[in-house]
Structure formats: structure tokens, C-alpha cells
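Below you'll find the structure, written out as C-alpha cells, and then a few comments.
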Amino acid sequence: QVQLVESGGGLVPAGGSLRLSCAASGRTIITYAMGWFRQAPGKEREFVAAISWRGGTTYYADSVKGRFTISRDNAKNTVYLQMNSLKPEDTAVYYCAAAPLREPGPAQNEYGYWGQGTQVTVSS
């Protein structure tokens, strides 16, 4: 069992940066692939980024590639999402998730553990 808690969201102007954190408790997240998803108002939840067990492989949605960076610190049981050059369309609730996979992937049904989300709002 893994419990996940996101933090670091907030209000930021377009072009700004935020770093989201996902703190895990329960068992270690070393053997889990970790992912970030987001859901904007009135839209379905979508994949953002994922990272493998050891952090050597990452996968990004085309919409955030080159702007967002996912990383993990297994010693701290924490996953991060560094978001740069933020756009208004990045506004959403961001969710951290864990999957019993070695390699990351975008399929939401592969992630069995989810946090409660943290709000990111990008203004003009």
C-alpha cells in the first residue's frame, strides 16, 4: 500500500515556474513507476509525465515536453514535477500516482494509488 500527498501548487503568472512534490508513505516507492496527471475544469484527466523505478526513463505528454521535468528521490520517497514556462492551459488539478511497473506509461488504469491533487492556476 502506498499513500501519496501532493504539494506545491498555487497561482503563478504565465511564463512562471512551479515545482510540485509528491510525498509517499507506507511502503517505499522504489519498486513503483510514478506518474503525474492533471484535470482541468470541464475536461477529462490527462497524462502529464511518468518516471521509471530507478528514474532512468521518463515519458512526457507532447503538450508539456521541453517545459516540464519529472524526477524522483527514492531515499526521500518523493517525486517531483518541475514546471517551467507555464501557460494558462496548464491550469488544472495535478495528481500524483504510483504503478507497480518498471517502465512508465500513460495509461491511467495502470496506476493503482493516487493522491488527492494540488491546484495549479496560471494567470495572464
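Below, each value reflects all heavy atoms present in this structure, side chains not excepted, and no hydrogens, waters or symmetry copies.
- The two residues Tyr59 and Pro106 have their closest heavy-atom pair at CE2-CD, 3.4 Å.
- A heavy-atom distance below 4.5 Å is not found between the side chains of Cys22 and Tyr80.
- Val2 and Leu4 make their closest contact through CG1-CD2, 3.4 Å (heavy atoms, listed as atom of the first residue, atom of the second, distance).
- Between atom CD of residue Gln39 and atom CD of residue Gln119 there is a gap of 10.5 Å, rounded to the nearest 0.5 Å.
- Judged purely by atom type and a 3.5 angstrom limit, Ser63 has no side-chain atom pairing as donor or acceptor with the backbone of Ala61.
- Among residue pairs with one or both ends in residues 84-111, those qualifying as ring pair (Phe, Tyr, Trp, His ring centres under 6.0 Å) are Phe37-Tyr111; sequence neighbours excluded.
- Between Asp62 and Lys65 there is a salt bridge, since at least one side-chain N of the basic residue sits less than 4.0 Å from a carboxylate O of the acidic one.
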Inset, instruction - Would you please test Trp36 and Phe68 for side-chain contact (heavy atoms from CB on, under 4.5 Å) and show each step? - result: CA-CA 11 Å; Trp36 286 96; Phe68 291 10; over 6 Å; no

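- For the side-chain contact (heavy atoms from CB on, under 4.5 Å) with Ser17, the lone residue among Arg67, Met83, Gln82 that qualifies is Gln82.
- Between the side chain of Tyr60 and the main chain of Ile70, a donor-acceptor pair closer than 3.5 Å is present.
- Atom CD of Gln3 is separated from atom CG of Asn77 by 10.5 Å, given to the nearest 0.5 angstrom.
- With sequence neighbours excluded, no residue satisfies salt bridge (Lys or Arg N to Asp or Glu O under 4.0 Å) with Arg45.
- For Ser52 (side chain) and Glu103 (main-chain N/O), no donor-acceptor pair under 3.5 Å exists by modelled atom type.
- Looking at Thr121, its side chain never comes within 3.5 Å of a backbone N or O of Leu11 through a donor-acceptor pair.
- How far CE of Met34 is from OG1 of Thr58: 14.5 Å, rounded to the nearest 0.5 Å.
- Applying the side chain to side chain donor-acceptor pair (under 3.5 Å) criterion to Ser71, with sequence neighbours excluded, gives no partner residue.
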Inset, instruction - Take Leu81 and Thr69, measure what side-chain contact (heavy atoms from CB on, under 4.5 Å) needs, and give me the verdict at the end. - result: CA-CA 6 Å; Leu81 184 68; Thr69 302; over 6 Å; no

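- Taking a 6.0 Å sphere around CD of Glu89, one finds it holds more than 12 heavy atoms contributed by other residues, nucleotides or ligands.
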Inset, instruction - Any chance you could lay out the side-chain contact (heavy atoms from CB on, under 4.5 Å) test for Val120 and Leu20, step after step, and finish with the verdict? - result: CA-CA 9 Å; Val120 172; Leu20 306 183; 4.0 Å; yes

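- Shortest non-hydrogen contact noted between Ala40 and Ala92 is N-CB, 3.7 Å.
- In plain terms, the two heavy atoms of Gly8 and Leu18 that are nearest each other are O-CD2, 3.9 Å.
- A distance-only check finds no donor-acceptor pair linking the side chain of Arg38 to the backbone of Val93 [under 3.5 Å].
- One N or O on the side chain of Glu6 and one on the backbone of Cys96 form a donor-acceptor pair closer than 3.5 Å.
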